Structures are given as structure tokens and as C-alpha cells.
Asker: 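One structure coming up, written as C-alpha cells, with questions to follow.
Chain naming here is simple, since letters A, B, ... match the order of the sequence lines and numbering starts at 1 in each. Any value given below was found using the heavy atoms of this structure, including those in side chains, with hydrogens, waters and symmetry copies removed. Note that this is a predicted model, so its numbers are computed, not measured.
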Amino acid sequence: MPELPEVQTVVATLAPRIVTRRIGRVELLRDDIVHPCGFDLAKALRSKTVQSVSRRGKRIVITLVGDEQFYVHLGMTGRLTIDPPSAQIIKHTHLILHFDGFDVRFRDPRRFGGVWWLGQQSADAGMGPEPLDLRPAELHRRLAKTTRAVKNALLDQRLVAGLGNIYVDEALHAAHIHPLTPADQLSADAVGRLSRAIKATLRRAIRHRGSTLRDYLDADGAAGGFQRLHRVYDRAGHPCHRCNTPIERFVLGGRSTHFCPNCQPADRRPRRRVSRRRTRA
DNA sequence: GTCCATGTTCTTTA
DNA sequence: CTAAAGAACATGGA
């Protein structure tokens, strides 16, 4: 479930615990989560000290003293948590890094996530720019290269890195853009709104420590709070907070897509706005 | 049993 | 050849 705000929150909770700390024993309980396949991760990490923890797109990048690095991708259900060494090892725990006094454990039931050893390589390969420092003109240039629906284009990590199903739906609503709009047909004005909407949505989500719908927890085991502020995601049939029109849901590229038919019209220009922002609680 | 899920990548189709 | 659409991956919860 983790998109940029959730990954950022994991990095923020993990970094202060492990930076400058030394990894002791490494337990790899399931070796097919390691890439490249067959790489001896335990050997590479044992007795190494963590220099930094950062984020690139949805990747959690851990750099060791000596500048070798690896990244963890949480996939759909992955968690990277700090646990007491005495904690029971629950099902689907695939990797344990033993530090002095605590463990860092990677658990991922669906195993869409994993650990990628980079060595001296950068974590940038195949990644688009970071959305939080992407200029509108650059976003416009990138969107203009594809006829795909803007929602599909924004989910493409090579076009821009870090957005997923939740935040694309939320940002398109904030920008008043229909998800099926061909990416290359967006006006400069629309891309300007989209650029601001993406940044504002991500910043708010980070401030609220991400969204927990089902599986996501940060490194301290804490859930996010942004799901309570979603305007469209998982709100099909509920009134739009801006205009009270029921939010609609359809499937696009195998992903559920949520939008307000009044605020995000397919063709026509203007829209109605109702003064009331919220229905009673 | 059925459907659905915060992601990515491979395969198929146009 | 390229771009876009679909299927596949694996598990669990409603």
C-alpha cells in the first residue's frame, strides 16, 4: 500500500534508529525476496554500519559506511519495522537485521516487495523525477509524450516517481481533472493545477504520516492518519466534499479509480460549486 | 466459494 | 519497431 508519503514516513521513523548503528547478525528467512537472485545479502550486510536512510520514489534506500547501498521496496503489503529482539517472529517475516538492542524486520505476506542490492550503483535507474521538486513545465513536457489516460501516465514510475493509486486519484480531484483525460491533451493551465495539486496532496499526506487502509504501518508500528482526509479514494457513493455529488468509481488498467463527475468533468468546462463543504458527521 | 487490495513486470495486442 | 492494454504474481480479509 505504500506510496511516497508512507515510504517517507517509514524513512523518517527508521533513520533516527539505525543511522550510525552497526548491523550484527543477519537472518534471511526467505531468500527469494533478494535481488539480484542468489546474491548473498547476509554476507554483504553483516557487521556493516548504516550511514544514511533516504527515499527515492517508493524505494527505501539504505547506504552503508563505505558507500555501498541497497533498497527495500514494500510492494503492496510490505512492512519494515523496529522490533524488540524478544518479539515473536510472525508469519511472512523474510529478513531480520539484528542491531544492538533491537531488530529491523521486513515482513511482506504478498511478496510483491523485496530487497535490492545496489552496491555502488545509484537508486535512480528507471526512475522519473521526484514529484515534490518537479517543475510544471517539466511535468507538461513529460505528459505531452503520451496519449495514455493521465491517471495511467501518473502511475508510471518512469514518468514521475512515487505516486500510486491513492494519491493520483486525490491529486486529480484536487486539480479538477478527469482521470481518463489523454495526458497529451492537458493544457498548460491544467498541468499547472495538477502540479500544485500533486505537491499539496503529498505534503498534506506526509504531514499526516500517510494513509492506512489495511496493511501499512511505519517503522514504529504506527498507522497513518491521512485516510480520514481522502476526498475520493475509497469514497464511492459518498458525497464530494466540495460539491456533494456522489463520488464514482470505475476500473482503469485494473485499478479502482475514484472521481467526482461534477468537479472532474470529462469534457465540459465549468462546474457547480455548493457552499457546504461537509455533510454532518 | 467470490471479489478486492496502497505495486511492478512480463506478455499480448494493436 | 513502439505504445498501450491485460494478465500475472501471492496472500489474506470481507
Asker: For B/dG7 and A/Q157 - does any side-chain N or O of the residue sit under 4.0 Å from the phosphate oxygens OP1/OP2?
Answerer: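 False: A/Q157 side-chain N/O out of range (4.0 Å or more) of B/dG7 OP1/OP2.
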
Asker: Check each residue of residues 246-258 of chain A for a non-hydrogen atom within less than 4.0 Å of any atom in DNA chain B, then write out the ones that pass by number, or none.
Answerer: A/R249, A/R255, A/S256

Asker: From the options C/dA10, C/dG13, B/dG7, select the nucleotide whose nearest atom is closest to the side chain of A/R111.
Answerer: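 Per side-chain heavy atoms of A/R111, the pick is C/dA10.
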
Asker: Using 4.0 Å as the upper bound for N to carboxylate O, is an ion pair formed by A/K58 and A/E6?
Answerer: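 Judged by the 4.0 Å cut-off on N to carboxylate O distance, A/E6 and A/K58 do not form a salt bridge.
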
Asker: Nearest-Å distance, CG (A/L74) to C1' (C/dT11)?
Answerer: 16 Å

Asker: With a 4.0 Å limit, can you tell me whether A/H92 has a side-chain N or O closer than that to the phosphate oxygens OP1/OP2 of C/dG12?
Answerer: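 Answer is yes, contact under 4.0 Å.
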
Asker: Rounding to an integer number of Å, can you tell me how far A/L163 CG sits from B/dG7 P?
Answerer: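 Going from CG in A/L163 over to P in B/dG7 covers 10 Å.
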
Asker: Base, sugar-phosphate, or nothing: which does A/Y167 touch, judged by heavy atoms less than 4.0 Å apart?
Answerer: nothing

Asker: Taking CG from A/N152 and P from B/dG7, how many angstroms apart are they, rounded to a whole number?
Answerer: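 The distance from CG of A/N152 to P of B/dG7 comes to 13 Å, rounded to the nearest Å.
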
Asker: Using whole Å, report how far CG of A/L155 lies from P of B/dT8.
Answerer: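 Distance check: A/L155 CG to B/dT8 P gives 9 Å.
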
Asker: When you get a sec, tell me which of B/dT8, C/dA4, C/dG12 is the closest nucleotide to the side chain of A/R148?
Answerer: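 Among B/dT8, C/dA4, C/dG12, the one nearest the side chain of A/R148 is C/dA4.
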
Asker: Whole-Å distance between B/dC10 C1' and A/R158 CZ?
Answerer: 12 Å

Asker: Between the base of B/dA5 and the side chain of A/R110, is there any donor-acceptor pair under 3.5 Å?
Answerer: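 Such a pair is found, so the answer is yes.
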
Asker: Between B/dA5 atom C1' and A/D108 atom CG, what is the distance in whole Å?
Answerer: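 Taking atom C1' of B/dA5 as the reference, CG of A/D108 is at 13 Å.
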
Asker: If only side-chain N and O atoms of A/K91 are considered, is one of them under 4.0 Å from the OP1 or OP2 phosphate oxygen of C/dG12?
Answerer: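 True: A/K91 side-chain N/O within range (under 4.0 Å) of C/dG12 OP1/OP2.
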
Asker: For A/H73 and B/dT8, is the shortest distance between a side-chain N/O and OP1 or OP2 below 4.0 Å?
Answerer: yes

Asker: So, A/F112 and C/dC9: ring centres less than 5.5 Å apart, planes less than 30° off, yes or no?
Answerer: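 Yes, aromatic ring over the base.
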
Asker: Quick one: is C/dA3 close enough that its OP1 or OP2 comes under 4.0 Å of any side-chain N or O from A/T146?
Answerer: no

Asker: Got a salt bridge between A/R110 and A/D108, using NZ or NE/NH1/NH2 to carboxylate O under 4.0 Å?
Answerer: no

Asker: Start with the C-alpha distance between A/T81 and A/R79, add both sets of side-chain angles, then the distance that settles side chain to side chain donor-acceptor pair (under 3.5 Å), and finish with yes or no.
Answerer: CA-CA 6 Å; A/T81 55; A/R79 285 183 194 167; over 6 Å; no

Asker: A/R59 has an atom CZ; how far is it from atom P of B/dT8, in whole Å?
Answerer: 9 Å

Asker: Find the distance A/M76:CE to C/dA8:P and express it as a whole number of Å.
Answerer: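 Roughly 16 Å, once rounded to whole Å.
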
Asker: If we ignore angles and hydrogens, is there a donor and acceptor under 3.5 Å between the side chains of A/Y233 and A/S211?
Answerer: no

Asker: Look at A/D184 together with A/K145 and state whether they make a salt bridge at an N to O cut-off of under 4.0 Å.
Answerer: no

Asker: Any salt bridge linking A/R21 with A/D100? Criterion: basic side-chain nitrogen under 4.0 Å from a carboxylate oxygen.
Answerer: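 Looking at A/R21 and A/D100, the cut-off is not met.
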
Asker: Can you spot which of A/H176, A/H173, A/H178 makes a ring-ring contact (aromatic ring centres under 6.0 Å, His included) with A/F259?
Answerer: A/H178

Asker: Please map the stems of DNA chain B, keeping only stretches of three or more Watson-Crick or G-U wobble pairs with both distances under 3.5 angstrom.
Answerer: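 Paired runs of 3+ in DNA chain B: B:2-5 with C:11-14, B:7-14 with C:2-9.
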
Asker: Within 45° of the axis and under 6.0 Å from the centre of the six-membered ring of A/F102, does NZ or CZ of A/R17 qualify?
Answerer: yes

Asker: Considering only B/dT8, C/dT11, B/dA5, which nucleotide approaches the side chain of A/K58 most closely?
Answerer: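 The closest nucleotide is B/dT8.
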
Asker: Can you name the side-chain hydrogen bond (donor to acceptor under 3.5 Å, both in side chains) partners of A/N165, sequence neighbours left out?
Answerer: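 Residues passing side-chain hydrogen bond (donor to acceptor under 3.5 Å, both in side chains) with A/N165: A/K151.
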
Asker: Does a salt bridge link A/R135 with A/E138, judged by any charged N lying under 4.0 Å from a carboxylate O?
Answerer: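 Looking at A/E138 together with A/R135, the answer is no, because their closest N to O distance does not fall below 4.0 Å.
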
